[in-house]
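Have a look at the structure below, then the notes.
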Amino acid sequence: MMSIVVRVKQKQIAQLISKGKRLDGRDLYEYRDIKIEQGIIEKAEGSAKVLLGKTEVMVGVKIEVGQPFLDTPNDGVLTVNAELVPLASPTFEPGPPDENSIELARVVDRGIRESKAVDLPKLCIEPGKKVFVLFVDIYVLNHDGNLIDASALAALAALKNTKIFNYEVQDGEIKIKPGYTPLQLQAHPIAITFAKINDKLVVDPWLEEEQVMDARLTITTDDQGRICAVQKGGSGFFTTKQIMEAAQIAVEKAKEIRKKLGWVT
Amino acid sequence: MSQKTETLIDKNGLRIDGRRPDELRPIKVEVGVLSNADGSAYIEQGKNKILAAVYGPKELHPKHLALPDRMVLRCRYHMAPFSVQERKSPAPSRREIELSKVVREALEPAIFMEYYPRTAIDVFIEVLQADGGTRCASITVASLALADAGIPMRDLVAACSAGKVDDTIVLDLMDTEDKVGSADLPVAYMPNLGVVTLLQMDGILTLEEFEKAVNLAIDGCKRIYAMQKEALRAKYVSIKESEE
């Protein structure tokens, strides 16, 4: 719910935005600074921490051997889960995942899955029997807005950092051999989130903007500038014009970010 | 399980169920189907069979969740265990929890929430049989149930998906097309206000294809909207006739 302070600031935020300005000094389509650290958890097969302004998200990738799904016997399994850890915000409560953390995980999952960033058939050990299961666990450490984009970046950074132990199959048993092979990514899906405030779109909303926004729109694009995932959130609406404007900006912004981070396939 | 169909569009440009790319499945809607609910509706869209019921406005429990300036809309999208090929556990899945959220957020912009401060309205959606596009059909039928309950609304919300199968942009995907096709894009729309209240996508689309799919889905929403209005009218005509 909206805090009193935010309610007071709501008018100010809306007025500034109608003049093309924002409370934190950014332009409407300006992204916050991105800082990425990889390989920070030694016990995870892959890990990364992303700072997007003051928003902080950690992702750990764990790998297990498990069974494939019945309808995809030749594919490895990718599982994305998100925890809104109570230490990250006064509004997060301990307990089972709520609709917000489930939505967050599913939107990040959709971007990775639909862009085919992870080559799932390559994670098959024995068709129909044994495959690698990739657990991508999103851990939000500090909530200052735009958790979707920060989590998508952190998940991708962690996957880029992931290595799988070498193995060979002997009589149906997996024998671990020394050394690791890096997981090769086939795409870099980048999520760009917009907030609609006072009928204007802003890119990468921070917490106070999220608290006063009417609606939210996330558009994930791949390296070829194709759209691979979309999610509208919040109890407002968008016009078709706004949607197409957002889609074009998302393609450009994602390209910029990929270039900045040196993430090219 | 879906079978890998060779092609989803035949040489005459028709889809696996014989539809043209821009054709909706047959739709049947009925309003006021449950006697206990304050409002209810039923939809059949192709093989989809979905019931929606509305209870409220009513007092909200626990009370601390009540909002001083507006009501709280609660929404549950749920699939019956027998609604799909392989039995679905009745416990809410992560998918159902996400869909309950996006369906609620698609309906909220239509309702004058500030008319009923401190209260709650419950929308229960039961998918009895699923064949692709259930979230859209759920929004269509839930907005009718809300109207049937007499909740003041800015407009009805109509929803329809578009997508891409075999390089063709098509309307109202059925299950096989959704699973085998290359993109699915559900849209909810308020035709009188011309605004989109739900937009999701998974798959791969270029910007041009995306624009084409959004516009096709909106076109489908407008056609569904006409059927929604007809269904509401039909209920009141039948009441009038029984009074005479």
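Below, read A as the first sequence line, B as the second, and so on, with proteins coming before strands; counting in each chain starts at 1. Below, each value reflects all heavy atoms present in this structure, side chains not excepted, and no hydrogens, waters or symmetry copies.
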### Atom group of D214(A) that falls short of 4.5 Å from chain B, counting heavy atoms
neither
### Task
Sort V251(A) into side chain, backbone, both or neither according to what part of it lies under 4.5 angstrom from a heavy atom of chain B.
side chain
Student check: side-chain heavy atoms of [X] and [Y] closer than 4.5 Å:
X       : Y       : result
R226(A) : F210(B) : no
L70(A)  : E86(B)  : yes
V195(B) : Q242(A) : no
V230(A) : Q200(B) : no
R95(B)  : R106(A) : yes
V102(B) : Q231(A) : yes

### Task
Could you pull out the closest heavy-atom pair between P109(B) and G236(A), with the gap in Å?
CG-O, 3.5 Å
### Task
Provide the closest heavy-atom pair for L207(B) versus M244(A) in the form atom of the first, atom of the second, distance.
O-CE, 3.9 Å
### Message
Rounded to the nearest 0.5 Å, what separates atom CD1 in I204(B) from atom OG1 in T221(A)?
### Response
9.5 Å
### Point-to-point distance, once rounded to the nearest 0.5 Å, from NZ of K101(B) to CG of N100(A)
5.5 Å
### Message
Quick one: does any side-chain atom of E103(A) pair with a main-chain N or O of E98(B) as donor and acceptor, under 3.5 Å?
### Response
no
### Message
Check whether K232(A) reaches the backbone of T197(B) with its side chain - one donor and one acceptor, N or O, closer than 3.5 Å.
### Response
yes
### Among G111(A), S115(A), A229(A), G234(A), residue most engaged with chain B (heavy-atom pairs, under 4.5 Å)
G234(A)
